[in-house]
Amino acid sequence: MKHPNVALIIFFALIGLKETESEFLSHYIRPDLIIENAACRAESEILLKGISNLELWALKIVDSSSKIQSGILTGNIKDYGNFDECINTKKFSIKGKYCLAHIQIDASEPNLSVKNEIIDFVSYGRRHIEIIHNRTLNNVMLPDMLPSLALFQSAFCIPSSCKSQDVEKMVNASLMGIGNLLGLKIYSEVFEENCYTETDPPWSTGEQAFLIFIISVLIIASLATLLEQKIVSKIKNTKSKSLLDSFLEKAVLPFSISRNWNKLTNDVSKNSMQSLDGVRALSICMVVICHNSVSNNIVPYMNKMFLIVLADKLEILPLFLSAWSVDSFLLLGGALRTYNMLRELDEKKFNFFKDFLHRYLRFTLPLLVTIAFYTTLFDKIGSGPAWYKSVGVNKVICEKNWFWNILYVNNIVNPSELCVIQSWYLGADMQLYLVAPILIHLLWRWPSFGKKVFVLVFFLSMLIPAAIVYLTRAAPIYAAFYTDEKITDYLKWLHYFTPNRISPYMVGIALGLILWKLKSGQTEKLSKKALSLCWILSTASVFAAFYGASKFVNPSYNYNLAEAMIFAGLHKAFFTFFLACVVYACECGCAEKTITFLSWKPFSFLNKLSFSIFLTHYIVINYIDGTLRHQRYFDVIQNIHVFVGNFTFSIILAIVFYLLIEAPSRSWVNSLLR
């Protein structure tokens with residue numbers, strides 16, 4: 001049953017049915033149930049009188065609340081009501097308060113089995129495997145990455161003096177009556193973090209400080225850009241630099257927007273391995289696709305059933321495999337770490353501590369700015385029904401756990417509460433970066449012994465994820481039909497956990513060693529027969545990984561522990577082995593068309609921007625999800641449209657971040673350690 005609109009309300013009043021209509025409209029407002037909160041009870045009684053007298057402000061409060069929506073049988077189980085209408089409604093001291101309630105529905109007699117079948121159909125069978133009761137900060141991983149396909153949600157607008165428990169009492173009284181009428185058990189859970197009012201809280205010291213920092217950076221960047229030519233010409237024409245000249249050159253010029261833009265668009269090294277640029281650019285695109293796909297499982301859709309039905313379609317498989325982009329980053333990281341270190345060892349220039357400090361500062365300075373944004377200004381730039389879940393919770397976590405981020409152990413220490421969620425990768429990458437020199441030095445100093453150690457470590461790197469699956473029974477891949485417990489174990493022990501990420505890094509080390517020997521003239525490139533064999537084996541490997549993944553993402557798949565262990569142990573090595581063959585073929589000059597494609601100039605642009613995109617793209621996703629006011633409609637073209645929009649905004653934000661933060665900080669680090 002739906003509430004009539006205002007035109008029908010007036011019609012009812014004119015024909016003498018005002019009292020009946022008023023009672024119908026105010027069915028969930030029950031001040032008689034509120035005992036402890038006198039202010040809520042009093043304002044609710046005033047609201048009831050306002051509805052009875054057809055006062056517009058009172059009708060707006062009720063009108064902004066959810067009604068029983070159409071399309072429930074196609075997955076339309078979340079209704080956000082009208083957020084802005086609720087919180088913008090005011091009368092005297094009464095202000096609208098918007099609360100998003102979790103609605104729990106269970107069947108009761110008669111026809112218990114039939115009703116259960118219908119409810120299971122609506123929730124696609126996930127209501128028994130998904131956290132739907134008390135889905136709050138204490139019961140899910142944070143930020144919440146778990147699918148939300150079975151949780152009914154409805155919005156209720158009430159006077160701002162009411163607390164979440166008051167809303168819960170009043171709504172449950174109404175739902176009990178509806179449930180008795182329909183033969184269902186219906187009740188709600190309302191949590192204060194899901195309630196919003198129009199407020200203007202004072203700025204904290206940290207928020208003010210970060211705002212001053214941003215304004216200062218903008219001012220310095222503007223001055224540096226305007227004065228760049230004068231400063232450069234003065235430094236060139238001065239034989240001995242003064243203290244002021246040195247300060248301007250090292251501290252101010254790095255903020256020049258024009259200089260940083262030229263680095264981003266024109267500064268291409270002649271000695272760079274351009275195939276790596278293309279692989280990294282494609283990988284960052286897949287990272288954004290991956291996180292947008294996860295978002296699809298959380299935000300409301302009016303036809304969410306269609307989204308789930310598509311899960312077993314072969315053309316949708318790349319969305320599930322987009323998480324493999326992390327392994328390609330680790331492959332490149334291992335290859336570059338090995339290649340550069342072997343070159344420096346040959347030239348007797350390798351300095352472990354200086355090398356580590358350079359990488360640590362280059363990562364940490366932009367990361368700290370990102371964390372500061374999450375803990376200060378981000379929460380102030382928007383609002384919406386899911387704003388706290390998408391944005392506010394990030395502030396809470398970062399205030400609590402930011403220290404683990406800059407120590408780069410956040411993927412191991414308390415991975416259930418991640419500040420800047422994608423930064424788990426930085427922790428894994430930094431840990432592997434620190435340990436890799438031991439093996440690389442063995443391969444350089446004692447090649448025969450080093451290769452034996454390499455084989456042993458590589459074997460263990462595939463055995464570890466298989467053992468983790470055996471011990472935890474985790475899902476081998478992220479898919480919505482697994483239980484929340486299995487998905488949580490997958491995220492904690494397979495996706496975030498560094499030991500499970502060793503095998504792609506090891507493939508990268510092997511690739512770096514081969515490329516170093518090739519480019520230093522220590523070995524010839526592979527023969528045509530050997531290269532053909534490499535292509536056959538790598539193609540067979542990647543197809544085996546794809547085939548295994550297609551089984552594990554199929555909703556009809558029955559979990560098999562042995563298959564999950566084999567897949568978890570091998571698929572990362574198989575996938576990165578294929579990528580390594582592609583890179584090798586490009587760098588040895590055996591794949592002209594591929595290297596032409598991977599050397600495409602836009603890929604070089606995205607490659608330089610990749611770290612900024614990595615740090616900032618989730619800001620766009622969180623903002624879009626947090627400000628969402630209504631259900632979306634799922635369609636392949638619509639979803640592509642959303643992704644392209646998100647990715648475009650991510651690139652724009654990343655360009656700003658690169659010009660103002662990443663490029664200047666990188667110049668500072670280079671000057672400091674030069």
Side-chain angles (χ1 to χ4, degrees), residues 1 3 23-48 51 58 61-69 72 77-83 85-87 89 94-108 119 123 127 130-140 144 148 150-182 184-199 300 384-389 392-393:
M1 183 183 298
H3 291 307
E23 182 180 353
F24 177 66
L25 277 172
S26 59
H27 68 282
Y28 73 90
I29 300 170
R30 295 287 302 276
D32 56 299
L33 298 175
I34 309 304
I35 300 173
E36 297 179 356
N37 192 340
C40 175
R41 184 172 65 251
E43 290 188 354
S44 297
E45 289 173 350
I46 295 173
L47 175 59
L48 282 178
I51 294 172
I61 285 183
V62 180
D63 178 58
S64 62
S65 298
S66 294
K67 287 77 179 174
I68 299 178
Q69 65 270 28
I72 291 177
I77 62 174
K78 301 180 191 294
D79 184 83
Y80 281 172
N82 193 315
F83 179 85
E85 183 182 31
C86 176
I87 66 170
T89 300
I94 300 177
K95 294 190 297 184
K97 181 175 185 176
Y98 177 97
C99 288
L100 191 62
H102 296 178
I103 308 298
Q104 313 297 339
I105 302 178
D106 291 307
S108 62
I119 298 172
S123 62
R127 69 184 179 119
E130 180 179 306
I131 298 174
I132 57 176
H133 295 279
N134 196 24
R135 186 165 175 149
T136 62
L137 303 183
N138 297 322
N139 287 343
V140 295
D144 188 357
S148 180
L151 179 61
F152 287 74
Q153 289 181 307
S154 293
F156 295 93
C157 189
I158 39 84
S160 59
S161 60
C162 297
K163 305 295 183 184
S164 58
Q165 56 266 35
D166 300 325
V167 184
E168 192 173 287
K169 285 180 184 178
M170 293 191 285
V171 171
N172 279 337
S174 174
L175 292 178
M176 186 181 298
I178 297 174
N180 291 337
L181 183 65
L182 299 176
L184 297 170
K185 299 175 183 177
I186 310 177
Y187 62 96
S188 70
E189 292 179 310
V190 184
F191 305 100
E192 198 62 40
E193 59 263 23
N194 292 329
C195 293
Y196 307 87
T197 56
E198 188 180 44
T199 57
W387 184 254
Y388 183 82
K389 180 180 178 182
V393 73

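The figures here come from the full heavy-atom set of this structure, side chains too, leaving out hydrogens, waters and symmetry mates.
In this structure the side chain of Leu48 reaches within 4.5 angstrom of the side chain of Pro31, judged on heavy atoms. Leu47 places a side-chain heavy atom less than 4.5 Å from the side chain of Pro159. With contacts defined as side-chain heavy-atom distances shorter than 4.5 Å, the pair Ser64/Tyr98 does not qualify. You'll find the side chain of Phe83 reaches within 4.5 Å of the side chain of Pro385, heavy atoms only. In this structure, the side chains of Leu151 and His102 come closer than 4.5 Å at one or more pairs of heavy atoms. Side chains of Glu85 and Asp63 form a contact here, defined as non-hydrogen atoms less than 4.5 Å apart. The side-chain heavy atoms of Thr89 and Ile94, taken from C-beta on, include no pair separated by under 4.5 Å. Contact of the Ile119 side chain with the Asp106 side chain is not registered, since no non-hydrogen atoms from C-beta on lie closer than 4.5 Å.
Rounding to the nearest 0.5 Å places SG of Cys99 at 9.5 Å from OH of Tyr196. Note that CG of Asn172 and CD1 of Ile186 are 10.5 Å apart. Values are rounded to the nearest 0.5 Å. Separation of atoms CG (Leu175) and CE (Met170) is listed at 12.0 Å; rounding is to 0.5 Å. Rounding to the nearest 0.5 Å places CD1 of Ile132 at 7.5 Å from OG of Ser123. Atom CG of Asn139 is separated from atom CG of Asn134 by 4.5 Å, given to the nearest 0.5 angstrom. Here the straight-line distance linking atom SG of Cys40 with atom CD1 of Ile158 works out to 6.5 Å at 0.5 Å rounding.
Pairs of residues two or more places apart, or lying in two chains, that qualify as salt bridge (Lys or Arg N to Asp or Glu O under 4.0 Å) and include a residue from residues 184-196 are Lys97-Glu192. Counting only residues at least two apart or in different chains, salt bridge (Lys or Arg N to Asp or Glu O under 4.0 Å) contacts with residues 151-160 are absent.
For Arg41, there are no salt bridge (Lys or Arg N to Asp or Glu O under 4.0 Å) partners at least two apart in sequence or on another chain. Every residue was checked against the ring-ring contact (aromatic ring centres under 6.0 Å, His included) condition with Tyr388, not counting sequence neighbours, and none meets it. Asp144 is linked by a salt bridge (Lys or Arg N to Asp or Glu O under 4.0 Å) to Arg135, Lys389, counting only residues two or more places apart in sequence or in another chain. Residues forming a side chain to side chain donor-acceptor pair (under 3.5 Å) with Asn82 (at least two apart in sequence, or on another chain): none.
Between Ser44 and Cys162, the shortest heavy-atom distance links the atoms OG-SG, 3.9 Å. Heavy-atom minimum distance, Leu100 versus Gln153: CD2-NE2, 3.7 Å. Nearest heavy atoms, Asn37 versus Ile34: O-CG2, 3.3 Å. Between Ser188 and Val171 the shortest heavy-atom distance is OG-CG1, 3.7 Å. Of all heavy-atom pairs between Phe191 and Ser164, the closest is C-CB, 3.8 Å. For the pair Val190 and Cys195, the tightest heavy-atom approach, listed with the atom from each and the gap, is CG1-SG, 4.0 Å.
Between the side chains of Ser161 and Glu43, at least one donor-acceptor pair of N or O atoms lies under 3.5 Å. Between the side chains of Lys78 and Ser148, at least one donor N or O lies within less than 3.5 Å of an accepting N or O.
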- Walk me through it: do Ile103 and Ile77 pass the test side chain to side chain contact (heavy atoms under 4.5 Å, CB included)? CA-CA 9 Å; Ile103 308 298; Ile77 62 174; over 6 Å; no

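At distances below 3.5 Å, at least one donor-acceptor pair connects side-chain atoms of Glu130 with backbone N or O atoms of Ala150.
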